Each structure stands twice: as C-alpha cells, then as structure tokens.
2 protein chains.
Amino acid sequence: MPRRGTKKPYIPIDGQACQVRDIGICAPFSGEALGALETFKAAERMYAPGRDFLVQGESAGEFFTVLDGWAFLYELLEDGRRQILDFCLPGAFLGFQPDLSAPVTYSAQALTDMSVCVFPRSRVADFVRQHPELGLRMACVAARDQYLAFRHLSNVGRRTARERVASLLLELFFRVRLHSPASSGDKIVIPLTQEHIGDALGLTSVHVNRTLRQLREEKLLTLKGGSLQVLDPDRLAEVAGFESDVAFLRH
Amino acid sequence: MPRRGTKKPYIPIDGQACQVRDIGICAPFSGEALGALETFKAAERMYAPGRDFLVQGESAGEFFTVLDGWAFLYELLEDGRRQILDFCLPGAFLGFQPDLSAPVTYSAQALTDMSVCVFPRSRVADFVRQHPELGLRMACVAARDQYLAFRHLSNVGRRTARERVASLLLELFFRVRLHSPASSGDKIVIPLTQEHIGDALGLTSVHVNRTLRQLREEKLLTLKGGSLQVLDPDRLAEVAGFESDVAFLRH
DNA sequence: CGCGATTTTGATCAATGTCAAAGGTGGTGG
DNA sequence: CCACCACCTTTGACATTGATCAAAATCGCG
C-alpha cells in the first residue's frame with residue numbers, strides 16, 4: 001500500500017533511489033530525519049549466492065536491511081541438521097540483537113546475488129535517542145517478524161507435510177507478488193531447491209519432492225527450475241489451511 | 001545479574017514494589033523517566049488459571065508485562081490442533097504488534113494465577129517519542145524473543161522427540177531458576193500437563209509420556225505433579241543437544 | 001467416596017525418513 | 001560445439017518414528 005499521495009523524498013544512494021524505502025526500517029522517515037538516517041548507514045554491500053554474510057557464533061558488529069535479492073536465516077545443529085528460520089526478501093531487517101556485542105545466534109546466507117544496506121551496531125543506541133521513531137519502527141518490524149516466526153512454528157509443529165509445503169509456497173507467492181509490481185501473473189521466480197524447502201519445513205528433500213509431485217498431479221502448482229506457478233490459489237489456500245484473512249500480506 | 005551497585009528506585013505499585021523491574025520492559029529506566037513510565041501504565045490485573053486474556057482474532061488495545069505467574073501463547077488451527085508458541089514467565093512482554101488496531105494473531109492463556117502490568121496500545125507511539133529508551137528497549141526485548149522463537153523452531157523442525165523434550169524442560173529449568181532466588185536446588189515448579197508439552201513440541205501427549213518415561217528410566221529427570229527435578233543436568237544437556245554455551249540464560 | 005482430568009500402557013497404523021540409484025540440467029573448459 | 005561434472009530432481013524399496021485408538025491406573029479435589 002503506498003503511503004498517502006505525498007511525493008516520497010527518495011535519497012539517492014550511490015546514485016540510485018532506495019528501492020525499499022517504503023517497506024524497510026526507514027519507512028517512517030522523511031525530510032531531515034531521512035538525511036540523518038543516511039549518516040547512520042555504514043555502507044552498501046553486495047553478496048553472491050551461497051555467501052554466508054552472518055555466521056552463527058561470530059560477532060558481527062552490524063545489522064542489515066535487504067535492498068535486493070533473496071537470503072535465508074538458518075541454524076545448524078552439531079551433526080549437520082539444518083533448520084531454515086526465515087526467508088529474507090527486500091525490506092527484511094536482520095542481524096539486530098539485544099546484546100550488540102554478543103555473537104549472533106543464527107547464520108544468514110545469500111540465495112541470489114543480493115545487495116544490503118549495512119548499519120553499525122555500535123551507534124544504534126545513540127541514534128535511537130536522537131530519532132525515537134527509529135526505535136519504534138524497529139520494535140514494529142521485530143513484532144511483525146515474530147508473527148512470521150510464530151506462523152512458521154505452527155506450520156512445522158502442527159501441520160502435515162502437504163499442508164506445510166502448500167503454506168510455504170503460497171506465502172512466498174504472495175510476499176513476492178506484493179512487492180514486485182511487474183509480476184502479477186500466476187508465476188514467480190523462487191530461487192530455492194527442494195532441500196531449502198525441506199530444511200525450512202522440517203522435512204527431507206525426498207519427501208518434499210513427493211509432496212510436490214502430489215500437488216502437481218492435482219493441478220495446484222508447478223515448481224520447476226526456480227519458477228513457481230500457482231495454478232489454483234484458492235484450492236491451494238484450502239490445502240494450506242489458511243483462514244480467510246491473509247494478514248501476512250503486510251510484509 | 002544485578003545492575004551496578006546502585007540502589008534501584010523501586011516504584012511502589014498498588015503499595016508494593018515491582019518484582020520484574022530489572023528484567024522487563026522498564027529495566028533501563030530510572031528516576032523521572034520511571035515516574036513517567038508509571039503514568040503510561042494503564043492498570044494492573046490478575047488472571048486465574050485457564051483464563052484466555054488475549055484471543056486470536058480479537059482486537060486487544062493493550063499489551064502486557066507478566067509480573068507474576070505463568071502463561072503461554074498459542075495458535076489454534078481450525079480443526080482444533082494447537083501449537084504453543086511460547087511460555088511466558090515473569091518479565092515477559094506480550095501483545096505488542098505493529099498495527100496497533102489490528103486483531104491479535106495469537107491467544108494467551110494463564111497457566112497459574114498471575115498478575116500482569118497493562119499498557120495501552122494507543123499511547124505507545126507518543127510515549128516512545130518522549131522516551132526513546134523505551135523504543136530501543138522494546139526492540140531489544142523483541143529481538144530476544146525472536147531468538148527464543150527461532151530456537152523453538154529448530155527444536156520442533158529438526159530434533160527427535162527425545163531431544164525436544166529434554167531441550168524444553170532444561171530450558172524452563174534454567175529460566176525459572178535464574179529469576180527465583182529461592183530455588184537453586186535441582187527441583188522447580190512447572191505448571192504444565194504433558195499435553196501442554198506436546199502442544200509446544202509438535203508431539204502428542206501420549207508420545208510425550210513415553211519419552212518422559214524413557215528419560216526417567218535413564219535417571220535424567222523426574223516430572224511429577226507439577227514438579228520437575230533435573231537429576232543430571234550435564235547428561236540432559238547432552239541429550240538436548242545444547243552447545244556448550246547457554247546463551248538463553250539471559251532471559 | 002466419587003468424579004473429571006491426567007497419566008500410563010498396549011496394540012496397531014500411517015506419515016515420513018533412509019538408502020540407493022537413475023535421470024536431468026546448466027555451466028565450463030577443451 | 002561437445003563432453004563432462006557438479007548439483008538437483010525423481011523414483012523405488014524398506015525402516016522407523018511418532019500418531020491413533022482404546023482402556024486401565026492414578027491423582028486432585030469437593
């Protein structure tokens with residue numbers, strides 16, 4: 001939803017306008033505050049697919065907003081089992097934690113080429129004191145992320161494989177379409193392997209494969225070569241067990 | 001850990017000092033700001049066990065800090081399956097969400113008699129503008145809660161029943177002991193049924209029962225009549241798959 | 001003492017994991 | 001342009017975990 005008809009004061013960043021101004025941590029700012037926020041920002045950076053740009057157990061000293069591309073957060077158990085905690089799309093805010101000097105508790109890996117906006121942890125407290133809006137905004141974003149994490153937990157804890165797969169794919173479908181004005185067809189680009197999907201849902205990739213085949217045979221969706229086509233959103237939503245409201249559209 | 005040797009300026013609330021001053025949302029405040037915070041607070045309230053004080057789908061208009069007692073957050077699927085999202089102990093902060101007028105996305109139920117501190121959602125934005133510390137504090141608490149939710153997700157998604165049960169009980173064991181100066185023995189009060197445990201871990205209560213029996217037979221713990229005794233914390237931690245660091249002790 | 005809720009146990013079943021191997025696919029260097 | 005390679009997908013046979021159903025034992029409490 002575009003905010004009131006005001007012309008948004010885009011800040012040129014390295015020569016181009018910020019693409020996530022309206023959905024990221026900076027959304028509530030304008031005018032002078034936006035300029036100040038610009039001084040808070042430490043850098044802009046790019047990562048290649050497969051790159052771990054946050055590593056569980058290491059201290060990071062910075063946090064991020066995703067400007068472009070996909071990433072995911074994950075946790076690794078000692079024996080190699082992996083749980084994907086969240087998929088991060090443009091606008092996502094990650095790496096912030098209460099104890100700013102402590103090691104981070106999860107890893108983050110790029111799925112595609114991506115660019116991020118980097119903020120230094122050290123100055124966040126000072127900056128929030130000067131610009132209270134930012135603290136509130138961070139709390140709000142964190143609350144929304146908590147909601148997503150809770151939904152994710154319900155899926156994994158209390159739904160069947162079929163429901164989980166349908167639910168995840170449909171959620172990503174909506175999240176992607178919401179912020180890419182181009183694609184409003186039934187097809188989106190989704191840079192995940194079946195193993196990613198399994199690791200997000202607490203399933204093996206083999207079982208994800210079988211489940212996808214089933215959904216394909218029922219003409220609900222196609223997932224092939226990084227491209228997801230949702231053939232019957234309504235029926236798929238039913239399978240996923242979504243209630244009528246689609247509150248998560250807010251991302 | 002007590003903050004520097006300063007005498008903490010306890011606010012008398014309805015005649016008694018706040019028990020969660022150091023761990024709740026109010027921790028960073030003192031002096032005049034603390035007085036202001038007091039004016040932000042709307043009420044103090046008590047709930048009996050079993051009482052749903054937040055209901056999924058309804059608008060609440062307020063959020064809470066737990067002063068005393070236990071509660072849990074949960075989500076209900078249409079067919080009655082329940083996922084417990086989090087157990088709330090004194091100091092927990094719940095009910096805050098980005099869109100302050102939207103319906104809440106989860107329910108909250110008291111497990112014991114409990115008392116909560118109530119804040120009005122409507123005034124939070126104004127209040128944060130006046131007291132930026134609060135925004136930062138809320139963001140920090142939210143970040144910590146996200147960490148707990150992520151751990152929970154990893155447990156449910158990628159661990160066996162045995163590991164999940166060990167992990168949850170050990171975590172609660174530490175969380176309880178951390179804030180109740182009295183109990184430093186190997187026994188804590190834990191007001192959960194096996195069904196609660198199952199609903200938190202994505203298991204049936206029957207299977208929780210069998211798993212508990214196994215752990216009991218291995219002399220790792222006892223859970224009986226609302227009382228948990230941890231007989232061998234080290235071996236239990238091994239079963240739970242905890243890495244050496246016990247970062248969650250921060251709650 | 002009796003009742004509802006909870007725990008415990010057994011027998012059986014279904015969902016999902018494991019292991020293994022055969023296709024696909026895209027990218028890279030010769 | 002082809003061949004090869006790494007990685008991903010697909011499928012089959014079988015194993016295992018945890019679910020389901022059902023009933024008995026126990027507990028807390030009025």
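The basis for the numbers below is simple: all heavy atoms, side chains too, and nothing from hydrogens, waters or symmetry mates. Within every chain, numbering begins at 1; the chains are lettered A, B, ... in the order of the sequence lines, protein sequences first and strands thereafter. Note that the coordinates shown come from a computational prediction; the quantities given were computed from them, not determined experimentally.
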Q: How many Å lie between CD on A:Glu195 and P on D:dT10, as a whole number?
A: 14 Å
Q: Between A:His207 (NE2) and C:dC19 (C1'), how many Å, whole number?
A: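 The answer, rounded to whole Å, is 16 Å.
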Q: Give the rounded distance in Å between these two atoms: CD1 of A:Ile197 and P of C:dT16.
A: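 Whole-Å distance recorded here is 16 Å.
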Q: Classify the side-chain pair A:Thr193/A:His196 by whether it contains a donor and acceptor separated by less than 3.5 Å.
A: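 Indeed, the side chains of A:Thr193 and A:His196 share at least one donor-acceptor pair under 3.5 Å.
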Q: Roughly, in whole Å, what's the span from CG in B:Asp199 to P in C:dT6?
A: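 Whole-Å distance recorded here is 12 Å.
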Q: With no hydrogens and no angle check, is any side-chain donor or acceptor of B:Arg158 less than 3.5 Å from a backbone partner on A:Arg82?
A: yes
Q: Let me know the distance between CG of B:Leu192 and C1' of C:dT7, rounded to the nearest Å.
A: 15 Å
Q: Salt bridge check, A:Glu75 against A:Arg81: does any charged N sit closer than 4.0 Å to a carboxylate O?
A: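 Salt bridge flag = no for A:Glu75 with A:Arg81.
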Q: Base of C:dG10, side chain of B:Arg210 - is there a donor-acceptor contact under 3.5 Å?
A: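 A donor-acceptor contact between them is present.
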Q: Need to verify one output field. Residue with the more 5' nearest nucleotide on DNA chain C, A:Arg164 or A:Val206?
A: A:Arg164
Q: Could you give the CG-to-P distance, from B:Leu212 to C:dT6, as a whole number of Å?
A: 15 Å
Q: Across the strands shown, which category fits A:Leu203 at heavy-atom distances under 4.0 angstrom: base, sugar-phosphate, nothing?
A: sugar-phosphate
Q: Test for a donor-acceptor pair under 3.5 Å between the base of D:dT17 and the side chain of B:Arg159, counting only N and O atoms.
A: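 No such pair is found, so the answer is no.
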Q: Rounded to whole angstrom units, what separation is found between the CZ atom of A:Arg216 and the C1' atom of D:dT11?
A: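 Value for this atom pair: 12 Å.
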Q: So, does B:Gln194 get its side chain near the phosphate of C:dT8, meaning an N or O under 4.0 Å from OP1 or OP2?
A: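 Indeed, a polar side-chain atom of B:Gln194 lies that close.
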Q: For D:dT10, does OP1 or OP2 lie under 4.0 Å from any side-chain N or O of A:Asn209?
A: yes
Q: Nearest whole angstrom, please: distance from the C1' of D:dA25 to the NZ of B:Lys224.
A: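 Taking NZ of B:Lys224 and C1' of D:dA25, I get 10 Å after rounding.
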Q: With respect to the phosphate group of C:dT8, does any side-chain polar atom (N or O) of B:Arg213 fall under 4.0 Å of OP1 or OP2?
A: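 Answer is no, no contact under 4.0 Å.
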Q: Which sits closer to the 5' end of DNA chain C, B:Thr193 or A:Gly202, going by the nucleotide each is nearest to?
A: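 Closest to the 5' end, via its nearest nucleotide, is B:Thr193.
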Q: Just by distance, with hydrogens left out, do A:Ser115 and A:Asp68 show a side-chain donor and acceptor under 3.5 Å apart?
A: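 No - no donor-acceptor pair under 3.5 Å links their side chains.
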Q: For the residue pair B:Thr211 and B:Gln214, confirm or rule out a side-chain donor-acceptor distance under 3.5 Å.
A: no
Q: What nucleic acid atoms does B:Thr160 come within less than 4.0 Å of, heavy atoms only: base, sugar-phosphate, or nothing?
A: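 If one applies the 4.0 Å heavy-atom cut-off, B:Thr160 turns out to touch the sugar-phosphate alone, with no base involved.
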